[in-house]
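Right, one structure below, let's go through it.
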There are 2 protein chains.
Amino acid sequence: MKPTDKAGMKYTNQRVEILAFLREHDGHPTVDEVYDGVRQKLTRISKATVYKNLKFLTEKGLLEEVNVKGVSRFEANFIPHHHLICRECGSMEDFNSEQLLDYSMKIAEEIEGFTIVSTSTNFYGICKKCKESKKSEEPKKSGESEDEI
Amino acid sequence: MKPTDKAGMKYTNQRVEILAFLREHDGHPTVDEVYDGVRQKLTRISKATVYKNLKFLTEKGLLEEVNVKGVSRFEANFIPHHHLICRECGSMEDFNSEQLLDYSMKIAEEIEGFTIVSTSTNFYGICKKCKESKKSEEPKKSGESEDEI
DNA sequence: TGTTAAATAATAATAAATATCATTTAGTAA
DNA sequence: TTACTAAATGATATTTATTATTATTTAACA
């Protein structure tokens, strides 16, 4: 964080705890999860404070906001990485591939007009947990054909 | 769309127009933009209908919901592609790279547990428009150093 | 063309996020 | 240290976004 940005910015317990919580929990917590987590330490924290700080810290570039299936999630991991996103349950986990980052940035260099500073690839599919719980469900009938509107 | 899914599904004007609007507008419209757009043709359509159909069509797999800077946007483009996302204004445009898709899917094959069906890379940066409007603002002071919390 | 389940419009109800404001606090400088 | 001040907090009100309800309409199909 640059000193100029720091001017007029206070490091309150609330702010520090929220940031610490995010740095200790890389499971992309939602607002409520951050609220519940931080409340363990700061029992009297207001949810409005959590909202305001998540927004503030995101604007300051200390957090990243991601959204899966309509819910906002936050992360403090700024080491460029990718995401494995389950289409079924909406869970999301980090995935690293230096190769893919390099490859993407190489492609980014050729894009005109838009100045790219970072990239992230989302891998969509079905996670282990959902795959296993699907096995126990009724198997689909065969003989279905594709048919667009 | 599979015939089995089609059972008990009606092709109302509202639904058809919403889908048509999304297919004609690849700028990732928000709920309100879809509402305003469709209202040109169906002046009496209710916003609740727009909400319900966007949700319904997304669940049926005919639309994709994406979220930038906290706002939901929808697209009907199912040809795998990537996105250029402006950190400044939150705008988002499509970007195609067959190479990158191939490369990503090759990497996906090596991921254990998670079964990947598609990938999409987000390129974050600053768009042409924002870059130009920044020029007119005061330039930053020099001599800044990095300094973490 | 009659029947019926599904969808709609209008609106009420909920939930999510932001704004307000009196009070407290971190940062700074005397 | 102490005093000052802008920034942040907590509590709550307000706004905005989304979903639920329900009487009515409509698409699908026998």
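The chains referred to below are lettered A, B, ... by the order of the sequence lines, with proteins before strands, and numbering in each begins at 1.
At least one side-chain nitrogen or oxygen of A:Thr12 sits closer than 4.0 Å to the OP1 or OP2 atom of D:dT9.
Following rounding to the nearest Å, A:Lys55 (NZ) and C:dA17 (P) show an atom-to-atom distance of 10 Å. Distance, A:Leu54 CG to C:dA16 C1': 13 Å, rounded to whole Å. Put simply, CZ on B:Phe74 is 12 Å from C1' on D:dA17, counting in whole angstrom units. Between A:Leu19 atom CG and D:dA8 atom P there is a gap of 14 Å when expressed in whole angstrom units. Atom CE of B:Met9 is separated from atom P of C:dA7 by 8 Å (rounded to the nearest Å). Following rounding to the nearest Å, A:Arg15 (CZ) and C:dG27 (P) show an atom-to-atom distance of 10 Å. A straight line from CD of B:Gln14 to P of D:dT26 spans 9 Å, rounded to a whole angstrom. Put simply, NZ on A:Lys10 is 15 Å from P on D:dC4, counting in whole angstrom units.
For the pair B:Arg39 and B:Tyr35, the cation-pi criterion (under 6.0 Å, within 45° of the ring axis) is fulfilled.
The only member of A:Leu42, A:Val50, A:Thr49 that meets side-chain contact (heavy atoms from CB on, under 4.5 Å) when paired with A:Ser46 is A:Thr49.
Using a 4.5 Å heavy-atom cutoff, the side chains of A:Glu64 and A:Asn77 are not in contact.
Judged purely by atom type and a 3.5 angstrom limit, A:Thr119 has no side-chain atom pairing as donor or acceptor with the backbone of B:Phe123. A:Lys128 places no side-chain N or O within donor-acceptor distance of the main-chain N or O of B:Glu112, the cut-off being under 3.5 Å.
The aromatic rings of B:His28 and B:His83 sit perpendicular, their planes meeting at an angle over 60°, well past the 30° parallel limit.
A heavy-atom distance below 4.0 Å to DNA chain C is reached by these residues of residues 26-53 of chain A, ordered by number: A:Ala48, A:Tyr51, A:Lys52.
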